[in-house]
Peer 1: 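A single structure is presented below for examination.
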Amino acid sequence: MAGYAARATAATGTAMPLRGKALAIEHDRQRFVLVTVDLLGVTAAMRERIGVTLSRTHHLEAEAWMLAASHTHCGPVVDDQLSVAYDLDAGQRSAIAAYTNRLEATITGLVGDALERLEPVGLAYGEGRATFGANRRAQFLPPGPVDPAVPVLRVARADGRPLAIVFGYACHNTTLQAAMTEFHGDYAGVAQRELELRYPGSQAMFLAGCGADVNPSPRGTLALVEQHGAALADAVGVALGRVRSIEGSSAAGFELADVPFATAPDRAGWLARQQSEDIYVRRHATLMLDRLNRDGTLELAHSEPIQVWRLGGLTLIALGGEVVTDYALRLKREHASAGLWVAAYCNDVSCYVPSGRVLQEGGYEGGGAMIYYGRPGPFDTSVEQRIVTTAGRLMRRLGVS
Ligand SMILES: [Zn+2]
């Protein structure tokens, strides 16, 4: 299971089935395909492989489809994600590779099914509020922010009955902790299940927001996961009661922003780290030395996927990785004229993405987690500016003010 290095066993069962869902929208001659999965994350390599198939079979290019993970910590490991965090044997590695393969085929099939089932609908957007997320960087002062927004896209038939409800919230799906060894969608899974019960015939889909520094509070039990899921479904219900229909033209864009890492240790530095007391530091150092031996150098920059969908007056920015709250608040502040929805954990989850502030403070989200993700080290200080600039340029290109 993915998400907690401290989990001592493989999965022991399924408490809640995990879902992959697809929604295809054609608006103003632009196609938008959203795929959501109840997983900790997806990798750039998965997106790449699925993308090759979707381009060939459906002429869907990178900007037109989005792969979004809920960041549940009670899902399976996929691909080579967070390989430093887990102590996997050869049998487990091959089971993970086989599952990843099967999952990619399932996703391409799902997208094809969704594209074949288009029917006339209306789109509408609204916003609710949820308050069970708390900034988890309590060791730093002043306390970090949270974003209580619950953005909602309603896809409905003429009579207003929703066919799809896409909703977001910026908070880790970590109500259930390492002691939980059964698959479960966490609060986002409960909210999706609740909404599909409350709005029969609808498909509910969760888009994780920029909540890399936010945890549910309180947390730790199945009762709390039900409570938070119901609270989020209630917030979506409030938003559905005040949606406004989406009019106007549409466009989609996708770019990879190069974000350099800070200077990494040299070979002697990695050899010294191999003597560390900390098993993860040792494992990471060995991985870096293997790469140095193989390639002669370590990767110098991360490719941050930035996708923007403009649906009339609604703009959805989808960032990759575990993005902290500062990004959503800044982008919404700087583009206040647009109905702006900022999602994260999309298209590639291969590290934390700290803001300038969080990078400078340090800690787990600031750079410590890079070890588990097998990246060479913290980002260079330009990380926030590079991402915000690229997102802004994409929005301008798509005609968002
Ligand atoms: Zn996380």
Peer 1: How would you list all residue pairs meeting ring pair (Phe, Tyr, Trp, His ring centres under 6.0 Å) that involve residues 192-212, not counting sequence neighbours?
Peer 2: Phe167-Phe206, Tyr187-Phe206

Peer 1: His302: what forms a ring-ring contact (aromatic ring centres under 6.0 Å, His included) with it, not counting sequence neighbours?
Peer 2: Phe379

Peer 1: Do NZ/NE/NH1/NH2 and the carboxylate oxygens of Asp147 and Lys332 come within less than 4.0 Å?
Peer 2: yes

Peer 1: Does atom CZ of Arg357 have more than 12 heavy-atom neighbours, drawn from other residues, nucleotides or ligands, at distances under 6.0 Å?
Peer 2: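 For Arg357, atom CZ is crowded (more than 12 foreign heavy atoms under 6.0 Å).
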
Peer 1: Salt bridge or not between Arg198 and Asp234? Use side-chain N to carboxylate O under 4.0 Å.
Peer 2: yes

Peer 1: Which residues satisfy the ring-ring contact (aromatic ring centres under 6.0 Å, His included) test with Trp309, sequence neighbours excluded?
Peer 2: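 Listed in chain order: Phe32.
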
Peer 1: Looking at CD1 of Ile96 and CG of Leu103, how far apart are the two atoms once the value is rounded to the nearest 0.5 Å?
Peer 2: 12.5 Å

Peer 1: Ile306 versus Ile387: any side-chain heavy-atom pair under 4.5 Å?
Peer 2: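 Ile306 reaches Ile387 side chain to side chain.
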
Peer 1: State plainly whether the residues Arg193 and Glu226 are in salt-bridge range, i.e. N to O under 4.0 Å.
Peer 2: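 Looking at Arg193 and Glu226, the cut-off is met.
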
Peer 1: Can you confirm whether more than 12 heavy atoms, excluding those of Glu48, are under 6.0 Å from its CD atom?
Peer 2: no

Peer 1: Any salt bridge linking Glu365 with Arg136? Criterion: basic side-chain nitrogen under 4.0 Å from a carboxylate oxygen.
Peer 2: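 The answer is yes: the pair qualifies as a salt bridge.
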
Peer 1: Which donor-acceptor pairs under 3.5 Å do the side chains of residues 23-30 make with protein atoms, sequence neighbours left out?
Peer 2:
| from | atom 1 | to | atom 2 | distance (Å) |
| --- | --- | --- | --- | --- |
| His27 | ND1 | Ser250 | OG | 2.4 |
| Asp28 | OD2 | Ser250 | N | 2.8 |

Peer 1: Ring-plane angle category for Tyr373 and Tyr352, please: parallel below 30°, perpendicular beyond 60°, tilted otherwise.
Peer 2: perpendicular

Peer 1: Tell me every residue that passes ring-ring contact (aromatic ring centres under 6.0 Å, His included) with His284, counting only those two or more places apart in sequence or in another chain.
Peer 2: Trp270

Peer 1: Determine whether Leu163 and Arg157 make a side-chain contact, defined as any pair of heavy atoms from C-beta on separated by less than 4.5 Å.
Peer 2: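 Heavy-atom side-chain distance check passes, below 4.5 Å.
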
Peer 1: List for me each residue that meets ring-ring contact (aromatic ring centres under 6.0 Å, His included) alongside Tyr169, sequence neighbours excluded, and say none if there are none.
Peer 2: Phe132

Peer 1: So, are Arg282 and Glu277 salt-bridged, with charged N and O less than 4.0 Å apart?
Peer 2: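 Judged by the 4.0 Å cut-off on N to carboxylate O distance, Arg282 and Glu277 do not form a salt bridge.
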
Peer 1: Would you call the rings of Tyr345 and His172 parallel, tilted or perpendicular, taking 30° and 60° as the class edges?
Peer 2: perpendicular

Peer 1: Hey, are the side chains of Arg219 and Val225 touching, using non-hydrogen atoms and a 4.5 Å cut-off?
Peer 2: no

Peer 1: Kindly confirm or rule out a cation-pi arrangement of Arg47 over Trp65, judged by NZ or CZ under 6.0 Å from the six-membered ring centre and within 45° of its axis?
Peer 2: yes

Peer 1: Within the 4.5 Å heavy-atom criterion, are Val150 and Leu232 side-chain neighbours or not?
Peer 2: yes

Peer 1: Tell me, yes or no, whether the heavy-atom count around Leu271 atom CG, taken from other residues, nucleotides or ligands under 6.0 Å, exceeds 12.
Peer 2: yes

Peer 1: Does atom CD of Gln139 have more than 12 heavy-atom neighbours from other groups under 6.0 Å away?
Peer 2: yes

Peer 1: Enter the distance from Leu224:CG to Gln177:CD here, rounded to the nearest 0.5 Å.
Peer 2: 9.5 Å

Peer 1: Any salt bridge between Arg330 and Glu384, counting N to O under 4.0 Å?
Peer 2: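 Looking at Arg330 and Glu384, the cut-off is met.
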
